[in-house]
Amino acid sequence: MAGKGRPTKGNSGASTRGSSGRSYRGHAGLTQTPRNMRKRKASSNRWIERQLNDPYVQETHKRGLRSRAAIKFEQIEDRYPFLAPHMRVVDLGCAPGGWLQVVSERIKLNKGEGALVGIDLLETDPIGGAQILVGDITEPEMLDAVYKAIDGKADAVLSDMAAATTGHRPTDHLRTMALLEIALDFAIGILTPGGTFLAKAFRGGAEKTLMDLLHKHFEKVRHIKPPASRQESVETYLLATGFKNPESDADS
Ligand SMILES: C[S@@+](CC[C@H](N)C(=O)[O-])C[C@H]1O[C@@H](n2cnc3c(N)ncnc32)[C@H](O)[C@@H]1O
């Protein structure tokens with residue numbers, strides 16, 4: 001829903017740079033307002049206004065990306081590249097398919113290289129060459145189906161999953177972290193040596209046991225807040241690279 005009105009410069013918008021390299025003004029510097037403002041609730045007006053004035057939403061539409069999240073993924077992968085042609089990638093919680101679009105381009109899926117499997121509770125429009133399943137990853141048979149679809153080995157496991165919000169922040173937090181734990185457990189069982197795990201987490205939410213597990217299985221673990229992730233959001237990403245060979249690790 002890119003805005004139709006012309007953005008005007010404000011007085012305090014700090015300049016930021018989009019992943020496309022263009023320079024943008026910060027939210028405060030843009031002053032579009034939604035139409036029919038009085039007819040809507042204040043909270044939905046705030047949401048619409050934020051969308052209209054968000055340069056990343058505008059970039060998403062301009063580039064035909066399916067989600068704003070695709071830009072966050074690009075920013076992470078641009079900064080710490082881990083994808084290459086031929087790779088085999090799993091995307092847990094893939095709808096509507098923004099991350100799939102970026103991954104498929106970077107692994108050159110359209111040239112018949114690599115493999116890409118996604119799963120979500122919701123339907124995802126097809127992406128050429130990718131296998132997309134509909135199901136709940138908390139059901140073991142669904143993870144089995146993903147495992148089989150990628151032939152039991154992956155170079156990267158991605159998870160942008162977030163639990164449906166209940167409005168009770170501690171509950172939402174715990175449920176999203178539980179999804180992360182399932183994703184990590186899956187990644188440990190399927191990654192090839194040197195592989196990568198990238199997952200959405202909540203700031204301050206990664207328990208010591210989870211971090212210990214990540215450090216045990218990966219050479220390097222980073223917390224990343226890409227520029228497109230809203231500052232006010234507790235969302236952050238965990239990027240774990242250099243999956244250690246599980247065989248050499250068997251005794252530790
Ligand atoms: C932020 S969206 C993912 C956006 C995606 N990365 C993109 O770029 O289009 C999070 C997704 O996680 C999915 N999800 C949440 N819980 C799930 C579960 N238990 N099993 C599968 N998918 C789940 C939701 O349905 C939602 O589509």
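Keep in mind it's a predicted model, so treat the numbers as computed, not measured. Note that ligands are numbered from 1 as they come in the structure, with each ligand's atoms numbered from 1 the same way.
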Go through Leu198 and Glu77 one step at a time and tell me if the side chain to side chain contact (heavy atoms under 4.5 Å, CB included) criterion holds.
CA-CA 10 Å; Leu198 171 66; Glu77 219 277 323; over 6 Å; no
Apply side chain to side chain contact (heavy atoms under 4.5 Å, CB included) to Arg222 and Thr241, showing your working.
CA-CA 9 Å; Arg222 293 181 173 92; Thr241 49; 4.1 Å; yes
Stepwise side chain to side chain contact (heavy atoms under 4.5 Å, CB included) test for Arg63 and Glu74:
CA-CA 13 Å; Arg63 293 175 51 202; Glu74 271 188 343; 2.6 Å; yes
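In this structure, Ala164 falls outside the shell of residues with a heavy atom less than 4.0 angstrom from ligand 1. In this structure, Arg66 falls outside the shell of residues with a heavy atom less than 4.0 angstrom from ligand 1.
Ion pairing of Lys148 with Asp144 is absent here, as no side-chain N (NZ or NE/NH1/NH2) approaches a carboxylate O to less than 4.0 Å. Note on Asp54 versus Arg68: salt bridge recorded, some NZ/NE/NH1/NH2 to OD/OE distance being below 4.0 Å. One finds no salt bridge joining Arg88 and Asp155 here, because no Lys/Arg side-chain nitrogen approaches an Asp/Glu carboxylate oxygen to under 4.0 Å.
Between Trp99 and Tyr237, the ring-plane angle classifies as tilted under the 30° and 60° cut-offs. The aromatic rings of Tyr147 and Phe186 lie perpendicular to each other, with more than 60° between the two planes, well past the 30° mark.
For atom 21 (C) of ligand 1, the closest heavy atom belonging to the protein is Gly135 O, 3.4 Å. Among all non-hydrogen protein atoms, the one lying nearest atom 22 (N) of ligand 1 is Leu121 N, 3.4 Å. In terms of protein heavy-atom proximity, atom 19 (N) of ligand 1 is nearest to Asp136 OD1, 2.8 Å. Protein heavy atom nearest atom 26 (C) of ligand 1, with residue, atom name and distance: Asp120 OD2, 3.5 Å.
Nearest-heavy-atom check against atom 15 (C) of ligand 1 across Gly98, Ala162, Cys94, Ser159 picks out Ala162. Checking Ala95, Gly118, Ala69 against atom 2 (S) of ligand 1, the nearest heavy atom belongs to Ala95.
Annotation for Glu113: atom CD counts as buried by contact number, over 12 foreign heavy atoms lying within 6.0 Å.
Put simply, the residue from Lys72, Lys225, Arg230 that forms a salt bridge (charged side-chain N to carboxylate O under 4.0 Å, His left out) with Glu235 is Lys72.
Heavy-atom proximity to Leu179, at under 4.0 Å, picks out these atoms of ligand 1: 16 (N), 19 (N). Every atom of ligand 1 is numbered from 1 in the order shown, and the set under 4.0 Å from a heavy atom of Gly93 is 3 (C), 5 (C), 6 (N), 11 (C), 12 (O), 13 (C), 22 (N).
Considering backbone and side-chain atoms together, Ile137 places an N or O closer than 3.5 Å to an N or O of ligand 1. Residue Asp160 has at least one N or O atom closer than 3.5 Å to an N or O atom of ligand 1. Remark: ligand 1 and Ser67 share an N or O pair separated by less than 3.5 Å (distance only, no angle test). Note: no N/O pair closer than 3.5 Å links Ala163 and ligand 1 by distance alone.
Under 4.0 angstrom from ligand 1, there are no non-hydrogen atoms of Leu92.
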